[in-house]
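Input: a single structure, listed below in structure tokens.
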Amino acid sequence: MGDFHTIAANAASNAMDNPAEALAKVLTSETPKIDSGVKSYLSLLAARGVTHTRNSSNNIVLSSSAETRRNEALAIADPVLLLKCTRALLGAINSFNVPERGASDKSSTCVQEQEQSSDLEYNVIRILWNNFVTQRQKPSKFLGRTSLLVVFPILLQELRTNVPKIPGLSDDQIINFFAVFSQLLRSYSEADETKDGEESQDDDSKLLWSTDGGADELSRRRARRKDAADKRKEYVVADDEQPPTINDEESSAIN
């Protein structure tokens, strides 16, 4: 009996054709896995929660409504509650059955995000995902960001309708936790989109979805902070080296 990757890929190819089998192999080989991205999200919010009271600046460019969601998520400072939110998110992901295309079109936003994927991609992801769930395997352990990009808009609609109950948190806080994760899922880009002459900005999405686990992003952040500190030192030194000014009385005494 082959491994589950092979079984899942065969399930998709049996229902469709060879391009589907090739796509299934790509999807199941993608890294990082969803599970890793979700756990990195927990680590990010836990770290932000520690420093939030000292630093209220945002590290990713979001719309005003998304900024509000992010700040709400950061307001969950209790690491136990953050862990419970993360478990609820993973539990929802790993128990969700992806519907056939068009069966869950509950909002224009959901429809638009689904339309970004082709029918072939959607159906391969749906068959793979649901096969993992049926076999009591966790999709988050086998699939990556590409699959979640297709599935999560539908899942988020379900979560808004049936919010998991977590004692100590309001429904709005829980949904905000999921919504900020969705924003970081969608905003990730493998390329550095900084334009010439622009200062590079912190990008939290790279901490979740970069294949290097966010190492390059953290390295850039350290370099930017070092450069900023060096510039401040240069400014202080330059200011100290300015010749003292002479007031009128001192000038008269010299003359």
Side-chain angles (χ1 to χ4, degrees), residues 1-41 86-164 174-175 177-190 205 208-209 211:
M1 185 175 182
D3 62 22
F4 201 77
H5 285 78
T6 303
I7 296 171
N10 287 340
S13 62
N14 287 338
M16 291 170 278
D17 54 8
N18 287 335
E21 182 178 2
L23 179 57
K25 289 179 180 178
V26 171
L27 292 169
T28 53
S29 64
E30 183 179 24
T31 57
K33 301 301 182 185
I34 296 168
D35 186 77
S36 175
V38 173
K39 290 176 180 177
S40 294
Y41 178 54
T86 304
R87 286 174 174 168
L89 177 56
L90 279 173
I93 287 171
N94 289 322
S95 61
F96 185 64
N97 279 288
V98 183
E100 292 188 9
R101 190 159 220 172
S104 63
D105 297 345
K106 298 181 180 179
S107 72
S108 59
T109 300
C110 188
V111 173
Q112 290 170 3
E113 294 193 23
Q114 285 188 55
E115 286 177 350
Q116 292 178 5
S117 62
S118 68
D119 287 338
L120 174 64
E121 181 183 47
Y122 185 89
N123 284 325
V124 170
I125 290 171
R126 178 179 63 82
I127 292 170
L128 280 173
W129 191 289
N130 292 349
N131 197 47
F132 286 127
V133 174
T134 300
Q135 296 294 327
R136 301 197 176 193
Q137 298 287 340
K138 297 179 178 180
S140 67
K141 296 283 190 181
F142 298 96
L143 299 171
R145 177 177 172 270
T146 299
S147 299
L148 192 60
L149 268 173
V150 171
V151 174
F152 202 72
I154 315 167
L155 174 56
L156 187 56
Q157 291 295 323
E158 294 291 329
L159 290 171
R160 290 182 187 279
T161 302
N162 301 293
V163 184
I174 296 167
I175 288 300
F177 180 93
F178 299 150
V180 175
F181 177 76
S182 177
Q183 171 67 17
L184 292 172
L185 174 69
R186 290 182 287 110
S187 66
Y188 173 73
S189 172
E190 293 183 4
S205 70
L208 275 63
W209 302 113
T211 55

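On a predicted model such as this, the values are computed, not experimentally measured, just so you know.
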Original post:
Distance-only, no hydrogens or angles: does the Tyr41 side chain make a donor-acceptor pair with backbone N or O of Phe177 under 3.5 Å?
Top reply: yes
Original post:
What distance do Phe96 atom CZ and Trp129 atom CH2 have between them, rounded to the nearest 0.5 Å?
Top reply: 8.5 Å
Original post:
Taking atom CG of Asp35 and atom OG of Ser140, what is their separation to the nearest 0.5 Å?
Top reply: 4.5 Å
**OP:** Mind listing the closest non-hydrogen atom pair of Pro139 and Ile34 along with its distance?
**Re:** O-CD1, 4.3 Å
Subject >> Separation of Arg126 CZ from Asp119 CG (nearest 0.5 Å) >> reply: 11.0 Å
Original post:
Do you know which two heavy atoms are closest between Leu120 and Ala20, and how far apart they sit?
Top reply: CD1-CB, 3.9 Å
Original post:
Are the side chain of Lys33 and the backbone of Thr28 linked by a donor-acceptor contact shorter than 3.5 Å?
Top reply: yes
**OP:** Nearest 0.5 Å please: distance from the CZ atom of Arg145 over to the OG1 atom of Thr211.
**Re:** 12.0 Å
Original post:
What heavy-atom pair brings Pro99 and Tyr122 nearest, and what distance separates the two atoms?
Top reply: O-OH, 2.8 Å
Original post:
Would a distance-only check, ignoring hydrogens and angles, find a side-chain to backbone donor-acceptor pair under 3.5 Å from Thr161 to Gln157?
Top reply: yes
Subject >> Val38 side chain reached by Phe181 side chain, heavy atoms, under 4.5 Å >> reply: yes
Original post:
Should Leu143 and Glu30 be marked as a side-chain contact (heavy atoms from CB on, under 4.5 Å) after you check the CA-CA gap, both sets of side-chain angles, and the distance that decides it?
Top reply: CA-CA 7 Å; Leu143 299 171; Glu30 183 179 24; over 6 Å; no
Subject >> Closest non-hydrogen atom pair, Tyr188 against Ser205 >> reply: CA-OG, 3.3 Å
Original post:
Is a side-chain N or O of Asn130 found less than 3.5 angstrom from the main chain of Asn97, in a donor-acceptor match?
Top reply: no
**OP:** Please assess Trp209 against Leu148 for the test side-chain contact (heavy atoms from CB on, under 4.5 Å), listing each intermediate value before the final yes or no.
**Re:** CA-CA 11 Å; Trp209 302 113; Leu148 192 60; 4.2 Å; yes
Original post:
With a 4.5 Å limit on heavy-atom distance, are the side chains of Thr146 and Glu121 in contact?
Top reply: yes
Subject >> Rounded distance [0.5 Å steps], OG in Ser147 versus CD1 in Ile93 >> reply: 11.5 Å
**OP:** Measure up the Phe132 and Phe142 rings against each other and bin them: parallel (under 30°), tilted (30 to 60°), perpendicular (over 60°).
**Re:** parallel
Subject >> Separation between CG of Asn131 and CD of Gln137, rounded to the nearest 0.5 Å >> reply: 9.5 Å
Original post:
side-chain contact (heavy atoms from CB on, under 4.5 Å) between Val133 and Asn94: does it pass, once the steps are laid out?
Top reply: CA-CA 7 Å; Val133 174; Asn94 289 322; over 6 Å; no
